[in-house]
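Following: one structure in structure tokens, then a few remarks.
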Amino acid sequence: FWGAVNSVRDQLERSTQSLTKSGTKLISISANDLYTKSNYQDFQRYTEVDMAIAADPDATLPSLLEAVKRLITGDRKRVFEERGKKLAAASAQALEQARTAATYAWDASPISTARLSAELWNVVKDKDWALAGGGGGRLWNIDKHYQTLGGGGVAGVGSGLPTAVGAALAHRKYGRLVVSIQNDGDFMYAPGAMWTAAHHRIPLLSVMHNNRAYHQEVMHIQRMANRRQRGIINAGIGTKIEDPNIDYATVVRGLGVHGEGPITDPKDLGPALKRAVEIVMRGE
């Protein structure tokens, strides 16, 4: 909740800013308060709220929506409609900006994150798909609640692959195409989850995002070293995944999973994804 009503700028100097007006009443509907038991949790910072309701949000939301609708007057409805038009225009502008930005390194090698996102969207957009573990960004049209599932709390490194396999198992009975953009460092914590997926016939399209580093840690160490005026030349110690570079396609083939790549030419990406989707739609 704290992250929803505040912003953090974690650069050379760390600063925070409230996103709500002064005097705004905050009400939480969540079971998280029943779970809090120690300092190390995934709720970010503690949020002071005016009313904390311990309840199931999914079960509560329909009644809450109806209660809110009953309070909407004609004047407020017009205000909401005008706000909606502004948000729709801003969204369309942001999408156009994202598409323009995606063209800058379209033919670059290593393949850009925008090229990967666009090529992946092209092969899933006409199917009943669900994204597990983040990714996609502004280039994807996410309009169903089950199409997005965030990553692990507190930047839970190593949770991406097990989360994706679990999500794919949950979606399997609906016949959905489950997609995961998998980080290379995260994969190395629990690669055995791939064998689990193969063993239990859990269909999943997992696309490896390989920058040969625990890059979140690289950037964080650089920030902290700068903050302490120590320089950043040692930021790669214990955070780079190279010498030797890992061939993840070979690794997963050894675990019984179809593997393509490594792919460095962006022209090869689209065809590889199409082949992979066909295999996943067969239940593999």
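Side chains included, hydrogens not; waters and symmetry mates left out as well; all remaining heavy atoms used.
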Taking [X] for the side chain and [Y] for the main chain, is one N or O donor matched with an acceptor at less than 3.5 Å?
X	Y	result
Arg138	Ala94	no
Asp128	Arg176	no
Thr60	Asp56	yes
Thr100	Glu96	yes
Thr47	Trp2	yes
Ser30	Asn32	yes

Query raised in the report: Can you check salt bridge (Lys or Arg N to Asp or Glu O under 4.0 Å) on Lys85 and Glu82, steps first, answer last?
Result: CA-CA 5 Å; Lys85 291 176 184 177; Glu82 288 301 316; 3.7 Å; yes

Report task. Taking the side chain as every heavy atom from C-beta outward, state whether Pro203 and Met281 have any pair of such atoms under 4.5 Å apart. Result ->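 No. Closest side-chain heavy atoms not under 4.5 Å.
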
Report task. Indicate yes or no: at least one non-hydrogen side-chain atom of Thr16 is less than 4.5 angstrom from one of Arg45. Result ->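 Result yes, sub-4.5 Å side-chain heavy-atom pair found.
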
**Report entry** Asp243 with Arg212: basic N within carboxylate O range, under 4.0 Å
**Finding:** no

Report task. Inspect the contact between Arg78 and Glu81 and indicate whether a charged nitrogen and a carboxylate oxygen are less than 4.0 angstrom apart. Result -> no

**Report entry** Over all atoms of both residues, closest heavy-atom pair of Ile263 and Leu269
**Finding:** CG2-N, 4.1 Å

Report task. Assess whether side chain to side chain contact (heavy atoms under 4.5 Å, CB included) is satisfied between Asp107 and Arg115, documenting all intermediate values. Result -> CA-CA 8 Å; Asp107 293 319; Arg115 178 73 182 259; 3.4 Å; yes

**Report entry** Within 6.0 angstrom of Glu242 CD, more than 12 heavy atoms from elsewhere
**Finding:**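 Yes - once you tally the heavy atoms of other residues, nucleotides and ligands closer than 6.0 Å, there are more than 12.
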
Query raised in the report: Counting heavy atoms not belonging to Arg99, are there more than 12 under 6.0 Å from its CZ?
Result: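 No, the 6.0 Å shell around CZ holds no more than 12 heavy atoms from other groups.
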
Requested in this report: Measure up the Trp140 and Trp121 rings against each other and bin them: parallel (under 30°), tilted (30 to 60°), perpendicular (over 60°).
Outcome: tilted

